[in-house]
Amino acid sequence: MTLKVKDILDMNFMKNAKIIAGKKGADREIKYVDIIEVPDIEGWINEGGLFLTTGYSIKDDYTAQKNIVKYLNDHNSAALCIKRGRYFNKIPEVILNTGNKLNLPVIELSVNTSYVDILLPLVGEVLEKEAYLLKRSEEIHKELTNVVLMGGGIDHIAQTLYKLIPRPVLIQNKNQEIMALVGKPEEEKLIKKCLDIPIKEIKKKLDNNNIIRINENNDISRLIAPIIVSGHIFGYVSIFEIGIKKIEKIDYRAVEHAATVIALEILKEKEKMETDKRLKTELLTDLIQQNYSEAKTIIKRARYFGWDFKKDYLAVVIDIDDLESYYLNLDYQDEKHIQEVKDKIKELVRWELIMEGKEIILINKSDSLVIFYGCQGLNSKEIRKKKSVEFAEKIKEIILNRLPQINISIGIGNFYSGISGLRSSYNESYRAIKMGKKLYKENGIYHYDDLGIFKVLVELENDQVLSEYREEILGPLLAEDNIDLIDTVKALLGHMGNKSEAAEELNIHRNSLNYRINKFSKLLDMDLENSENWLKIFLAVKIHEIL
C-alpha cells in the first residue's frame with residue numbers, strides 16, 4: 001500500500017485544498033513532505049516529495065515559475081502545493097500550463113492554511129504507510145523463505161508469491177525458458193504472447209542488477225528482477241500489471257524478496273545436484289572396477305536415485321571430441337562455459353529419453369556422459385542394436401543442431417543381464433569409442449559389434465605390445481619412402497588377393513602391382529604363398545591402422 005496524491009485530497013488537513021492542474025498525475029506516490037522557499041533547489045530534491053511553498057522565491061520570475069515545475073517533474077516529485085494569498089492572489093498560468101503538460105499535480109492551498117497543519121498529519125500518514133510496507137514486506141519475505149525451508153520448489157515459490165500479491169508470476173531461467181507461470185488462464189495466455197525480450201536488452205536495462213519495469217503494451221506492465229547466484233544471473237522473476245490494478249511499492253519489495261529466495265532454492269538444488277553427480281560417478285566407478293562384494297549393494301545404491309538395476313540396460317557413452325582444443329580456442333578460458341556445454345548435452349539427452357519413454361539413467365564421467373539405455377521388451381540382439389543406434393543417431397543430430405561448435409563420438413555396447421552385464425556393456429561402449437576414433441576418426445557412432453577383428457586387438461589394451469608386433473612384421477615397410485607398399489598390402493587384403501581388383505583400386509598397371517609385391521616380399525623376407533604369413537601381415541596392418 002502506498003500513499004498517493006489523490007489519497008490526501010479527502011483528508012481533513014487538506015479539506016480547503018484543491019488540485020488545479022496536472023490532475024492526471026494524481027496517482028503519484030508521496031514518500032516525504034518538505035518546504036520550498038528558496039530559489040536554488042538543485043541537489044536536494046528526491047523522488048516522491050510533496051512540496052509546500054508560498055511562491056516567495058519565484059513570485060516575480062516567469063522563467064523560475066516554469067522551471068520549478070519542470071525540475072520537480074524531472075525528479076519524479078509527487079506534487080507542488082502553493083499557498084494562495086500571500087504572494088499569489090492567483091496561481092500563475094505558466095505554472096498551471098506546465099503542470100498540465102507534465103501531469104505534475106499543482107494543489108492550491110487557502111490563505112488560512114498553516115504549514116504545520118499539513119506537515120504533521122502528512123508526515124504521520126507517510127510514516128504509517130512506510131510502517132505498513134515494512135511489516136507487509138517482512139511478512140512476504142517470511143512466507144517465501146518458509147517455502148524454501150519446508151522443501152518447496154520453484155513452482156511452490158511462484159504459487160505463494162501469487163497468493164501474497166496477488167498478481168501473475170513468471171519465473172524464467174537465464175535463457176528465458178519458463179520455469180513457473182502462475183495466474184488466471186486468460187492472464188497466462190496474455191503473458192505468453194509478450195515473453196520475447198532480447199537477453200542483451202534485459203541485461204542492459206538491469207544496470208547494477210536493479211529491478212526494472214517494462215511496459216509490454218498498453219494492457220500489460222511488468223516488473224522484472226534478476227535471480228543472482230554467486231554473482232551470475234541464473235534467471236528472472238517477474239510480476240505483471242494487467243488491467244486496472246496498478247503496480248505498487250509493495251510489489252517491488254515482493255519481487256525482490258522472491259528473487260532472493262529463488263536464488264536460495266537454486267543454490268540448494270545446485271548443491272544437491274553436485275552431490276548427486278558425485279555419488280553417481282562413484283557408483284559408476286565402483287560398478288566398473290567391481291568395488292563391491294555383492295551385486296545387491298550396487299542395486300540398493302542405484303535405488304537411491306530411482307534406478308532399477310534389475311531391469312535390462314545396455315550402455316551408451318557420449319564423448320566430447322577434443323574438448324581441450326575447444327577450451328583453448330575460446331575467446332577466454334572459462335571453465336563455467338565448459339560445464340554449461342556438458343550440462344546442455346546432458347539436458348538434450350534427458351529430453352530425448354523422456355520422448356522415448358525411457359528411464360533416465362545418466363552419469364557424468366570426466367568429458368563423457370554414460371547412459372544406461374533401457375532395452376526391456378527388445379527381445380533380440382538385432383532389435384537392441386537397431387534401437388540403440390537409432391537413439392545415438394537422433395542424439396547426434398540434436399546436438400549438432402543445438403551445439404554446432406561441438407563434435408561428439410558415441411560408443412554402444414551390447415546387452416548382458418545382471419550387474420556384471422552392465423559392467424561388460426559399459427566396457428564395450430568405452431572400447432567402441434576408443435577404437436572407433438582411431439579407425440574412423442572422431443565425430444562418429446561406433447557399435448562394439450562393428451569393430452570386427454579390432455575387438456580382439458582392443459582387448460589387449462597394450463600399445464607397446466601392439467607396436468612391437470607391428471615393427472616385427474612390417475618393419476621395413478614403415479619407412480616413409482615405402483608408404484606405397486603399405487597401401488598395396490591393404491589393397492590386396494581388401495580384395496582377398498585379387499590382383500586385378502587391387503591394381504584397379506591403386507590405379508596402377510598389374511605389372512607395377514607385381515613389382516611392388518616382389519619388393520615387399522623381399523623386404524619382409526616372407527613367403528607370400530604361405531597363408532599363415534598373410535594372417536600375420538593382416539594383423540600387423542590392422543594394428544598399424546589403430547596406432
Side-chain angles (χ1 to χ4, degrees), residues 1-8 27-33 46-50 75-78 122-150 152-172 179-183 187 191 202 205-216 220-229 231 233-267:
M1 183 184 295
T2 54
L3 184 65
K4 299 177 180 179
V5 172
K6 64 182 180 182
D7 297 331
I8 68 170
D27 279 325
R28 294 190 182 218
E29 180 186 355
I30 301 172
K31 295 183 178 180
Y32 69 100
V33 59
N46 295 316
E47 181 180 343
L50 182 138
H75 289 75
N76 296 318
S77 299
L122 187 52
V123 168
E125 289 289 339
V126 171
L127 291 176
E128 184 180 338
K129 299 294 183 185
E130 284 297 322
Y132 167 81
L133 285 172
L134 181 60
K135 181 180 178 182
R136 184 71 181 129
S137 176
E138 289 175 349
E139 290 172 352
I140 291 172
H141 181 69
K142 183 178 179 181
E143 288 287 332
L144 293 173
T145 303
N146 281 339
V147 171
V148 177
L149 294 177
M150 295 299 290
I154 300 294
D155 282 333
H156 197 175
I157 293 172
Q159 291 164 5
T160 303
L161 181 60
Y162 179 71
K163 290 176 183 177
L164 290 169
I165 302 181
R167 293 185 185 281
V169 176
L170 170 68
I171 301 174
Q172 299 167 285
M179 299 171 69
L181 175 58
V182 183
E187 292 172 335
I191 289 169
I202 289 181
K205 290 181 177 180
L206 285 171
D207 187 30
N208 296 321
N209 297 323
N210 291 325
I211 298 171
I212 59 170
R213 180 168 180 168
I214 300 173
N215 293 317
E216 302 281 4
I220 301 178
S221 187
R222 174 182 184 182
L223 277 188
I224 180 169
I227 301 166
I228 300 172
V229 179
I233 294 178
F234 268 65
Y236 308 92
V237 56
S238 303
I239 58 174
F240 292 82
E241 173 189 285
I242 300 177
I244 60 173
K245 189 182 178 186
K246 303 300 181 183
I247 286 176
E248 298 181 351
K249 190 173 183 178
I250 190 62
D251 296 320
Y252 281 82
R253 298 191 182 187
V255 76
E256 183 178 28
H257 291 321
T260 301
V261 296
I262 293 169
L264 290 174
E265 176 64 20
I266 290 173
L267 272 175

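One is the number of the first residue; the rest follow in order along the sequence.
- Taking 4.5 Å as the limit, some side-chain heavy atom of Lys6 sits within range of a side-chain heavy atom of Asp27.
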Practice item. Dump the intermediate steps for side-chain contact (heavy atoms from CB on, under 4.5 Å) on Glu265 and Ile157, then the final yes or no. Key: CA-CA 9 Å; Glu265 176 64 20; Ile157 293 172; 4.0 Å; yes
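- Rounding to the nearest 0.5 Å places CD of Glu256 at 6.0 Å from OG1 of Thr260.
- With a 4.5 Å cut-off on side-chain heavy atoms, Ile171 and Ile262 count as touching.
- Closest non-hydrogen pair, Ile154 versus Ala180, comes out as CG2-CB, 4.1 Å.
- The minimum heavy-atom distance between Ser77 and Gly49, with the atom names listed, is CB-O, 3.6 Å.
- Taking both residues in full, the closest heavy atoms of Leu161 and Leu144 are given as N-CD2, 4.0 Å, listed atom of the first, atom of the second, then distance.
- The main-chain N or O of Asn76 is never found under 3.5 Å from a side-chain atom of Arg28 such that the two would form a donor-acceptor pair.
- Of all heavy-atom pairs between Glu47 and Lys31, the closest is OE2-NZ, 3.4 Å.
- Between Ser238 atom OG and Ile224 atom CD1 the span is 4.0 Å, to the nearest 0.5 Å.
- Closest heavy-atom contact between Asp251 and Arg167: OD2-NE, 2.8 Å.
- For the pair Val148/Thr145, no side-chain contact is recorded, criterion being any heavy-atom separation below 4.5 Å from C-beta on.
- With values rounded to the nearest 0.5 angstrom, His141 atom NE2 is found 9.5 Å from Asn146 atom CG.
- Closest approach of Ile228 and Ala263 over heavy atoms only: O-CB, 3.5 Å.
- Counting heavy atoms from C-beta on, the side chains of Ile165 and Val255 never come closer than 4.5 Å.
- Rounded to the nearest 0.5 angstrom, Ile30 CD1 and Ile8 CD1 are separated by 4.0 Å.
- Rounding to the nearest 0.5 Å places NE2 of His257 at 13.5 Å from NZ of Lys142.
- In this structure, the separation between CD1 on Ile227 and CD1 on Ile266 is 5.0 Å, given to the nearest 0.5 Å.
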